[in-house]
Chemist: 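Supplied in structure tokens, the structure appears directly below.
The sequence lines fix the lettering, A, B, ..., with proteins before strands; numbering per chain opens at 1. Treat the numbers as computed from the prediction; the structure is a model and nothing was measured.
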There are 2 protein chains.
Amino acid sequence: MTSYGQFCPVAQALEIVGERWTLLVVRELLCGNYRFNQILNGVPLMSRSLLAARLRTLEDAGLVVHHPTGEYALTPSGRELEPVVKGLGIWGTRWARKDNRPEDNDPVLLMWDLHRNLHVDRLPAKETVVAFWLRDVEAKRSRYWLRIQKPEVELCLTNQGFEETLKIETTAQALIDVWMGHKPLNQALKSKAIAIEGPPGLVRDFPKWLKLNVFAPVPRPDVA
Amino acid sequence: MTSYGQFCPVAQALEIVGERWTLLVVRELLCGNYRFNQILNGVPLMSRSLLAARLRTLEDAGLVVHHPTGEYALTPSGRELEPVVKGLGIWGTRWARKDNRPEDNDPVLLMWDLHRNLHVDRLPAKETVVAFWLRDVEAKRSRYWLRIQKPEVELCLTNQGFEETLKIETTAQALIDVWMGHKPLNQALKSKAIAIEGPPGLVRDFPKWLKLNVFAPVPRPDVA
DNA sequence: CGGTATCCCCCGCGATACTG
DNA sequence: CAGTATCGCGGGGGATACCG
């Protein structure tokens with residue numbers, strides 16, 4: 001990116017982090033995705049070569065270090081971008097895109113987020129497999145399994161022969177609405193937008209396992 | 001800008017404000033520059049057509065309204081970007097570009113900032129003209145006059161025949177260092193990096209007239 | 001002053017293939 | 001798995017001229 005030609009620190013910051021994708025890569029690192037392909041998972045529309053270029057730029061600018069193990073990590077400087085990323089998330093939650101675009105409902109992203117944000121301490125002690133069926137997604141990418149072996153939670157894209165303890169039938173849209181805090185889970189369950197089937201005890205407890213997205217509690221603007 | 005294809009609010013925010021220049025335009029509006037050419041002044045490397053396009057985009061996205069008077073203004077949504085812009089400024093102050101680039105020292109930008117940030121209540125009651133000579137700037141753009149007629153302060157790029165009360169000889173670099181809080185004004189005066197000439201009373205008071213940049217007080221990272 | 005309209009160039013980026 | 005190398009295109013944006 002060519003310079004903004006300004007001594008203003010806002011401009012100088014944007015020269016480093018203002019390029020397309022860059023702050024989303026930082027977001028991934030802030031969320032704890034340290035490996036190249038993990039990061040790529042979080043920005044599925046980004047090309048491999050571009051991600052490599054961005055990581056290199058961030059490294060050169062001193063926001064990221066690349067460990068010999070292959071892991072990337074934020075430096076103190078990089079970590080201090082958290083307020084900026086958070087600020088953007090809060091603003092986005094309040095003001096961005098009122099219209100849901102189905103093409104933004106990437107189910108892999110959703111399930112990946114979800115499986116990394118469970119209340120581990122509330123999970124059942126016995127091995128449990130939760131099967132998800134997202135009806136509004138093309139068949140190939142519509143089925144997911146959470147394999148809970150406390151404290152591990154594994155996300156599977158195929159059933160590798162295990163028995164399904166809980167079955168959840170819903171849509172990516174409904175799940176995202178809950179995950180993003182747009183709609184309460186209770187309501188989605190009541191309206192059958194999210195339907196759970198299985199042993200009554202587990203069905204009752206399931207809602208307590210879920211954490212919501214970091215931005216779910218952000219107050220929406222008053223529609224005055 | 002083509003979509004990021006994500007339901008993450010950070011990504012959705014960046015779809016709106018992540019394009020090159022956009023947040024700098026918002027910064028100008030946050031600073032109180034409401035007219036097209038004023039904004040352009042704050043982003044001198046931006047082309048007129050591009051600024052027009054960006055303002056249009058911001059208007060369409062509901063962050064900006066364009067009044068019949070010709071003035072642009074932020075909506076509540078636009079104003080809520082202040083934490084993001086401020087966050088970038090803080091980060092930039094702490095971590096961006098340790099090397100000063102002379103080409104970033106736009107003297108017009110500097111003088112414009114300066115003249116809009118004086119402690120009006122501390123200014124002399126009598127009409128006063130402060131002449132600036134920036135020795136490190138090409139002759140054509142090296143001279144400026146602040147015409148103080150309380151509570152008005154006017155920035156002039158030519159001497160329209162008025163008498164100079166105070167004469168300040170310095171460099172854009174030195175003045176920026178003070179303005180940005182990199183160096184204390186006292187020190188710059190002592191070392192003659194900034195030299196003031198005129199009636200002793202006014203020379204003594206001048207330092208009290210200046211406000212520093214909003215980011216000047218930001219603590220710099222410890223160099224451990 | 002406050003923009004639009006048009007043309008055209010460059011480079012950011014995607015696609016694809018290859019490597020250790 | 002974690003990238004690099006190369007090629008080719010599309011469109012973002014600069015330059016310039018024009019307008020109300």
Chemist: Counting side-chain heavy atoms from C-beta on, which of C:dG14, C:dG2, C:dG3 comes nearest to B:N37?
Modeler: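 Nearest nucleotide to the side chain: C:dG2.
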
Chemist: What is the distance from CD of B:E19 to P of D:dG12, rounded to the nearest Å?
Modeler: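 Rounded to the whole Å, the gap is 8 Å.
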
Chemist: So, under a plain 3.5 Å distance rule, would you say the side chain of B:R20 forms a donor-acceptor pair with the base of D:dG13?
Modeler: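 Side chain to base: no pair below 3.5 Å.
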
Chemist: Would one find a side-chain N or O of B:Y34 under 4.0 angstrom from OP1 or OP2 of C:dG2?
Modeler: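 So the side-chain polar atoms of B:Y34 never come under 4.0 Å of the phosphate oxygens OP1 or OP2 of C:dG2.
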
Chemist: Rounded to the nearest angstrom, tell me the gap between atom CE in B:M46 and atom P in C:dG2.
Modeler: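 Spelled out: CE on B:M46 to P on C:dG2 is 16 Å.
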
Chemist: Counting only distance, no hydrogens or angles, is the base of D:dA2 paired donor-acceptor with the side chain of A:R35 under 3.5 Å?
Modeler: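 No.
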
Chemist: In whole Å, I'd like the distance from the OH atom of A:Y4 to the C1' atom of D:dG13.
Modeler: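 From A:Y4 OH to D:dG13 C1': 13 Å.
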
Chemist: Between C:dG3 atom C1' and B:E71 atom CD, what is the distance in whole Å?
Modeler: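 After rounding, the reported distance stands at 16 Å.
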
Chemist: Tell me, yes or no, whether the heavy-atom count around A:E103 atom CD, taken from other residues, nucleotides or ligands under 6.0 Å, exceeds 12.
Modeler: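 For A:E103, atom CD is crowded (more than 12 foreign heavy atoms under 6.0 Å).
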
Chemist: Looking only at side-chain atoms of B:A52, point me to the closest of C:dT4, D:dG14, C:dG14.
Modeler: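 Within the option list, the nearest is C:dT4.
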
Chemist: Nearest whole angstrom, please: distance from the P of D:dG3 to the CG of A:N41.
Modeler: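 Rounded to the whole Å, the gap is 15 Å.
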
Chemist: From CG of A:L50 over to C1' of D:dA5, roughly how many Å is that when rounded to an integer?
Modeler: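 So the two atoms are 15 Å apart, to the nearest Å.
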
Chemist: Between A:R147 and A:E127, does at least one N-O distance fall below 4.0 Å, as a salt bridge requires?
Modeler: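 Yes, charged N to carboxylate O under 4.0 Å.
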
Chemist: Within the pair B:R54 and D:dG13, is there a side-chain N or O less than 4.0 Å away from OP1 or OP2?
Modeler: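 Checking D:dG13 against B:R54, a side-chain N or O does come within under 4.0 Å of OP1 or OP2.
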
Chemist: Among D:dG13, C:dG2, D:dA2, which nucleotide has an atom closest to any side-chain atom of B:R48?
Modeler: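 So the nucleotide nearest the side chain must be C:dG2.
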
Chemist: Quick one: does A:V10's side chain get under 4.5 Å of B:L23's, heavy atoms only?
Modeler: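 A side-chain contact under 4.5 Å is absent here.
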
Chemist: Just compare D:dG3, C:dG2, D:dG14 and give me whichever is closest to any side-chain atom of B:S47.
Modeler: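 Nearest listed nucleotide: D:dG14.
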
Chemist: List in chain and number order the residues that pass ring-ring contact (aromatic ring centres under 6.0 Å, His included) with B:H182, two or more places apart in sequence or in another chain; answer none if no residue qualifies.
Modeler: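 Not a single residue meets the ring-ring contact (aromatic ring centres under 6.0 Å, His included) criterion with B:H182.
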
Chemist: Who are the salt bridge (charged side-chain N to carboxylate O under 4.0 Å, His left out) partners of A:E138, not counting sequence neighbours?
Modeler: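 With neighbours one apart ignored, the set is A:R141.
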
Chemist: Let's see if you can work this out: which of D:dG3, D:dA2, C:dC13 has an atom nearest to the side-chain heavy atoms of A:H66?
Modeler: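 For the A:H66 side chain, the nearest candidate turns out to be D:dG3.
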
Chemist: Provide, to the nearest angstrom, the distance between the CG atom belonging to B:L51 and the P atom belonging to C:dG2.
Modeler: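 B:L51 atom CG is separated from C:dG2 atom P by 11 Å.
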
Chemist: For the pair made of CG in A:N33 and P in D:dA2, what is the distance, rounded to whole Å?
Modeler: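 Those two atoms, CG and P, are 12 Å apart.
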
Chemist: Relative to the 5' end of DNA chain C, which residue comes earlier, B:Q38 or B:S49, by the nucleotide with the nearest heavy atom?
Modeler: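 Upstream on the strand: B:Q38.
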
